[in-house]
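Below: one structure, written as structure tokens.
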Amino acid sequence: MSSDRAGRRPFVAGNWKMHLVRREADALCRKLRDGAKALGSVLPEIAVFPSFPLLGTAVEALAASGIGVGGQDLRAEEWGAFTGDVSGRQLVDAGASWVLCGHSERRQLHGETDELVASKAVAAARVGLRPVVCVGESREQRRAGETFAVLDRQLAPLDALPGLLLAYEPVWAIGSGETATPEVAQVAHAHLRRRWGERFGSAALTLRILYGGSVTPENSTGLAAMPDVDGALVGGASLDPGRFLAIISSFAALARPSEELP
Ligand code: PGA
């Protein structure tokens, strides 16, 4: 199963986290738009994930560029008395096509459970957003040999929803500068695909699994060479257009000529 990419188009996503104001977001988007155009026609799918107040700015600056925009979180309910939360409908209305679900910073800082994350993915798919569900083990869990058990637990409540992607983001690699080696990432990705296949059969062949955690232009080519690494979810390096474009280039080689930007 691992050696065949089954037409999975690589996907490079920039998670801006709680960075930038509108002026900076606009400038970054314009550089990305122009830079991606200059890279040529064979590109991976690209999206950025700004915080909510920047969505409109990004959508506007990236209009007709082929680069998508996503939210960093959503609430599972479609509307209601949920102060401070944002619904999938509101994200779609703001021009988002994607949404992150269960980023480890949400799991850790907001106590999001595996079940809650799964319900967010369902809510996203219901309104036509493509959920990028993040999974990954902590340093302690890896040391204790629990990586696969943790991934299995995080996968358990998820369903093979239309458009769903997984992002393997080992918590110890996020923002730490300590990326997983391509081989370590590959082992985890292959495990996730195998498990998905046990539950959903051939859907596992088309499931895209991104790697995230200190991805840089220095390590992205090695990661892109792994048969089950279908792209990257990039935090820090996505705030620098040159570095983000270099990571995009690493995955461009895997994209096929038919997958051109408009
Ligand atoms: P990082 O963040 O690239 O800064 O490690 C990745 C992420 O949290 O999605």
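When a ligand or atom number is given, it counts from 1 through the structure's own listing order. What's counted below: heavy atoms across the whole structure, side chains too, no hydrogens, waters or symmetry copies.
By the rule that hydrophobic residues join a cluster once side-chain heavy atoms approach within less than 4.5 Å of another member, W98 and V69 end up as members of separate clusters.
Within the model, atoms CZ of F251 and OG of S220 stand 6.5 Å from one another, a figure rounded to the nearest 0.5 Å.
Ligand 1 has no N or O atom lying under 3.5 Å from any N or O atom of E105, backbone or side chain. Residue-to-ligand polar distances place G175 within reach of ligand 1: an N/O pair is separated by less than 3.5 Å. At least one N or O atom of G235, backbone or side chain, sits closer than 3.5 Å to an N or O atom of ligand 1. At under 3.5 Å, a nitrogen or oxygen of S214, whether backbone or side chain, sits near a nitrogen or oxygen of ligand 1. Residue-to-ligand polar distances keep G212 apart from ligand 1: every N/O pair is separated by 3.5 Å or more.
Proximity of a side-chain donor or acceptor of R107 to a complementary backbone N or O of V117 within less than 3.5 Å is not detected.
For I174, heavy-atom contacts with ligand 1 shorter than 4.0 Å involve the backbone as well as the side chain. By the criterion of a heavy-atom distance under 4.0 Å, the backbone of A173, and not its side chain, is placed next to ligand 1.
D93 has no carboxylate O lying under 4.0 Å from a charged side-chain N of R89, or vice versa, which leaves the two without a salt bridge. Salt-bridge check for R194 with D228: failed, with every basic side-chain N at 4.0 Å or more from each acidic carboxylate O. Using a 4.0 Å cut-off between charged side-chain N and carboxylate O, K120 and D73 make a salt bridge. Salt-bridge annotation for R22 and E60: absent, with no side-chain N of the basic residue lying under 4.0 Å from a carboxylate O of the acidic one.
Atoms of ligand 1 found under 4.0 Å from any heavy atom of H103, numbered from 1 in the order shown, are 7 (C), 8 (O), 9 (O). Heavy-atom proximity to G213, at under 4.0 Å, picks out these atoms of ligand 1: 5 (O). Residue E169 approaches ligand 1 through these ligand atoms, each under 4.0 Å from one of its heavy atoms: 6 (C), 7 (C), 8 (O), 9 (O).
Ring pair F148/H191 is parallel by interplanar angle, where below 30° counts as parallel and above 60° as perpendicular.
Among all non-hydrogen protein atoms, the one lying nearest atom 4 (O) of ligand 1 is G236 N, 2.9 Å.
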